[in-house]
Amino acid sequence: MGQPTITVFGRFEITADPKPLSLAGGLQRMLLALLAGSQGRWVPGSLLAEGLWPGAPPGAAMSRLHVHVHRLRTRLGPGVVEAGPDGYRLQLAADSVDAWRFDRAAGGTLAAHSDGGDELALLERLDEAAACWRGEPYPGVDHPLVDAERHRLTELYLLVEETRAQHRLDRGEHRELLEHLIPAACAHPTRERLHTLWMTALYRCGDHAQALEVYANGREILAAELGLSPGPALEAVHALVVDAFEGTDAVPNASGARQPALPRVDRTPCSDAVSLPAGHEQLLREELATTECPDQRALLRRQLGMLLGSTGRVQESLELLFQAEARYRLHGPIRAHRSVLQQLAMEMSKVGDLRRAIRLLDEAQQTYPGGRASDRLRIVRAIVLTHMKDAAGAETALAGVSAPGPNDDPILASMWWRARSIVARLRGRHEDAIASGRVALRLAQQVNAAALEGVVMVDLACALRDAGLPEAHRWYRAAVRLGHEHDRAPLIALAEAATAKAVLLAGDPAGATVHAREALRHARQAGAWGLAGRASARLAEAAEDLGETMRAGWYRQESLSQYRRVDYPLTEQEQRRIAAGPTSGPTSGPTSGRTVAAAGA
């Protein structure tokens with residue numbers, strides 16, 4: 001008989017040549033379970049004897065143990081149960097016991113989780129570990145030591161499922177992860193984290209009703225089995241799902257209660273500063289496909305690029321605008337070249353390529369007679385500089401622009417008030433920041449400039465947050481909803497990342513994780529790598545506060561990698577601080593310092 005294999009997941013049996021081998025009685029099964037649970041290490045005979053016959057005289061128990069070991073050897077074959085001065089152990093290859101194979105695969109993969117390696121390779125290893133699982137370990141064996149090993153293996157399996165589910169969420173594989181996440185959550189209904197991931201995946205798939213059903217069932221089970229209410233992470237996802245429902249007066253939550261809806265402004269799809277009618281994209285594309293005149297093609301690319309940029313499709317917008325810029329650079333006119341350079345700078349700031357945005361604005365300024373920039377260029381420069389936390393530079397840029405009057409362009413006026421609000425916030429002048437933000441928002445709403453309105457909502461919310469006012473969350477949620485209404489991934493990423501910071505400062509890292517994951521997903525979707533770096537940094541901070549050091553290390557490396565994809569202005573000190581993590585313990589309130597505060601709003 002060849003070396004046997006032992007299966008402990010889902011069924012407890014021995015297989016050789018290749019038929020199952022039966023064990024005589026419960027004591028034989030219990031003895032094998034105790035030896036298999038030791039992972040091939042020595043188990044003292046006294047421990048086995050006491051475990052099998054608790055309270056029996058030691059001499060009699062040891063005599064019985066020798067008999068049962070002999071019987072077990074007969075079933076397993078020679079050399080499988082080894083005896084020595086330290087007791088007994090199973091002398092089997094590492095792959096001969098499925099629990100050993102799982103333990104090695106799962107433990108090694110999770111231990112390497114903070115190495116910053118390839119995410120696809122990590123997911124493959126997690127999939128391999130989870131594939132070993134076939135159900136509850138050691139079924140039918142009732143013993144305290146076996147129960148402890150069963151609990152350890154189950155916890156390790158659940159950690160594997162949660163880890164790979166979270167990575168698949170980050171990669172946008174929402175449908176794919178449900179295939180293995182749902183069985184795990186159903187088999188472990190009191191595991192709240194699995195239900196949180198399940199709800200998040202359904203929310204991202206648009207299955208809002210089913211997500212609310214998962215929440216209701218989970219809440220009922222937690223109350224019945226553990227006497228607990230849902231934790232902050234599950235409640236945070238529930239709030240996202242409820243907010244996704246359309247409604248004018250109220251929206252239902254999972255329990256049937258009514259919650260007040262966010263303040264809504266009647267608006268139609270708009271093109272913001274592009275001044276093109278809704279639905280014009282297809283007409284522009286058709287005309288671009290049929291036009292042969294180079295100058296006309298440059299104009300169409302510029303118009304289409306500006307339209308796509310206003311709707312959040314930043315990468316395609318940049319490609320079209322750079323094509324137009326190449327034409328204007330060689331053949332003019334200067335006014336068109338200047339305009340497309342400014343638009344490129346604005347799109348670059350969305351993806352976090354801030355230093356490059358400033359260089360484009362410098363180039364645009366040189367196209368003016370004597371290098372004297374227009375008010376619009378100065379305001380755009382001021383906004384980009386505020387993103388770089390350069391309050392002094394932004395103030396200098398605004399110094400040459402007069403305060404807008406009632407007859408000025410409301411979009412330009414809104415941008416001026418927005419820049420002033422952010423400068424005031426950077427300077428710690430909370431009241432001025434809030435007042436200026438409200439003016440900027442009113443002007444943006446006046447002309448239905450949804451893209452500008454959304455970012456101003458986030459700026460206003462951050463100013464309210466810094467002033468310690470709860471109204472901030474109202475505007476964060478309004479910005480997220482506006483982003484979903486107009487399908488603008490950069491706005492959603494910006495608002496969710498800012499919400500994550502606010503929730504972190506409030507001492508709720510579990511809730512912050514939910515918002516930061518949403519920010520990361522939408523930032524990746526839009527190619528907004530500066531925002532992706534900010535979202536990953538928030539995830540690292542939340543993981544540190546939750547005591548998940550491996551995950552925190554992973555996200556710190558992800559954050560640096562995403563910031564480096566663009567010319568994001570991180571100093572060497574900030575890079576070292578992100579890479580090393582916090583130098584003190586978890587935060588405890590709004591006044592606590594954050595590791596990457598310099599890298600985000």
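Position 1 is the first residue of the sequence; numbering continues from there.
- Using a 4.5 Å heavy-atom cutoff, the side chains of R301 and L288 are in contact.
- Scored by the side-chain hydrogen bond (donor to acceptor under 3.5 Å, both in side chains) test, H522 finds no partners at all (sequence neighbours excluded).
- The salt bridge (charged side-chain N to carboxylate O under 4.0 Å, His left out) contacts involving residues 395-414 comprise E395-R427, where partners must be two or more places apart or lie in separate chains.
- One N or O on the side chain of D508 and one on the backbone of G511 form a donor-acceptor pair closer than 3.5 Å.
- For residues 329-341, the set of pairs meeting the salt bridge (charged side-chain N to carboxylate O under 4.0 Å, His left out) definition, not counting sequence neighbours, comprises E325-R329, R329-E363.
- Using bins of under 30°, 30° to 60° and over 60° for the plane-to-plane angle, the ring pair Y555/H167 lands in the parallel bin.
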- Task: Take V242 and L212, measure what side-chain contact (heavy atoms from CB on, under 4.5 Å) needs, and give me the verdict at the end.
- Result: CA-CA 8 Å; V242 170; L212 287 179; 4.0 Å; yes

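- With rounding to the nearest 0.5 angstrom, the CD atom of E347 is 9.0 Å from the CG atom of L308.
- The backbone N or O of V384 lies less than 3.5 Å from no partner atom in the side chain of S349, so there is not a single donor-acceptor pair.
- In this structure, a donor-acceptor pair under 3.5 Å is present between the side chains of Q562 and S536.
- Shortest non-hydrogen contact noted between G533 and S559 is O-OG, 2.8 Å.
- Side-chain contact of R302 with Q343: a donor-acceptor pair under 3.5 Å is absent, judged by distance alone.
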- Could you walk me through whether Y215 and L234 pass the side-chain contact (heavy atoms from CB on, under 4.5 Å) test, one step at a time? CA-CA 8 Å; Y215 171 81; L234 195 58; 4.0 Å; yes

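- Here the side chains of S561 and W529 are not in contact, with every heavy-atom distance at 4.5 Å or above.
- In this structure, the side chains of L441 and R418 stay at 4.5 Å or more apart for every pair of heavy atoms.
- Looking only at side-chain heavy atoms (C-beta outward), K501 and L505 come within less than 4.5 Å of each other.
- Between A345 and L360, the shortest heavy-atom contact is N-CD1, 3.9 Å.
- Rounding to the nearest 0.5 Å gives a distance of 14.0 Å between CZ of R565 and CG of L560.
- Note that CG of D459 is 13.0 Å distant from CH2 of W475, once rounded to the nearest 0.5 Å.
- Minimum heavy-atom separation, A394 to V423: CB-CG2, 3.6 Å.
- Looking at heavy atoms from C-beta onward, R313 lies out of side-chain contact with Q525 at the 4.5 angstrom threshold.
- Here the side chain of E453 pairs no donor or acceptor atom with the backbone of Q445 at under 3.5 angstrom.
- Residue pairs meeting the salt bridge (charged side-chain N to carboxylate O under 4.0 Å, His left out) criterion with at least one partner in residues 282-292, sequence neighbours excluded, are E281-R285, R285-E316.
- Looking only at side-chain heavy atoms (C-beta outward), L240 and H515 come within less than 4.5 Å of each other.
- When the shell of 6.0 Å around CG of L469 is examined, it contains more than 12 heavy atoms from other residues, nucleotides or ligands.
- Within the 4.5 Å cutoff, side-chain heavy atoms of R175 are placed close to those of D207.
- The heavy-atom pair separating R538 from A516 by the smallest distance is CB-CB, 3.9 Å.
- Every pair tested for ring pair (Phe, Tyr, Trp, His ring centres under 6.0 Å) that includes a residue from residues 318-370 fails, sequence neighbours excluded, so the list is empty.
- Closest approach of V503 to A512, counting heavy atoms only: CG1-N, 3.4 Å.
- In this structure, CE on M346 lies 8.0 Å from CE on M306, to the nearest 0.5 angstrom.
- Using a distance-only test at 3.5 Å, with no hydrogens or angles considered, no donor-acceptor pair links the side chain of S414 to the main chain of P410.
- Using modelled atom types, no side-chain atom of R517 and backbone atom of L169 make a donor-acceptor pair closer than 3.5 Å.
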- Steps toward side-chain contact (heavy atoms from CB on, under 4.5 Å) verdict (L320, Q303): CA-CA 9 Å; L320 289 164; Q303 291 178 330; over 6 Å; no

- Worked check of side-chain contact (heavy atoms from CB on, under 4.5 Å) between M388 and I358: CA-CA 10 Å; M388 301 171 71; I358 290 295; 3.9 Å; yes

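- A donor-acceptor pair under 3.5 Å is formed between the side chain of T367 and the backbone N or O of A364.
- Looking at D375 and R378, a side-chain N of the basic residue comes within less than 4.0 Å of a carboxylate O on the acidic one, giving a salt bridge.
- Looking only at distances, no side-chain donor or acceptor of S421 sits under 3.5 Å from a matching main-chain atom of S436.
- For E518, the side-chain hydrogen bond (donor to acceptor under 3.5 Å, both in side chains) test picks out R204, R521, with sequence neighbours left out.
- Taking the six-membered ring where tryptophan is involved, the planes of Y203 and H484 are perpendicular, since the angle between them exceeds 60° and thus also 30°.
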- Stepwise salt bridge (charged side-chain N to carboxylate O under 4.0 Å, His left out) check, R477 with E471: CA-CA 10 Å; R477 295 183 67 192; E471 184 189 349; over 6 Å; no

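- With values rounded to the nearest 0.5 angstrom, L464 atom CG is found 8.5 Å from Y476 atom OH.
- Expressed to the nearest 0.5 Å, how far CD of Q365 lies from OG of S374 amounts to 9.0 Å.
- With a 4.5 Å cut-off on side-chain heavy atoms, P294 and R327 count as touching.
- The shortest non-hydrogen separation linking A542 to T513 is CB-OG1, 3.3 Å.
- Between R429 and D466 no salt bridge is recorded (no basic side-chain N to carboxylate O distance below 4.0 Å).
- Under a 3.5 Å cut-off, the side chain of R297 and the backbone N or O of T291 do form a donor-acceptor pair.
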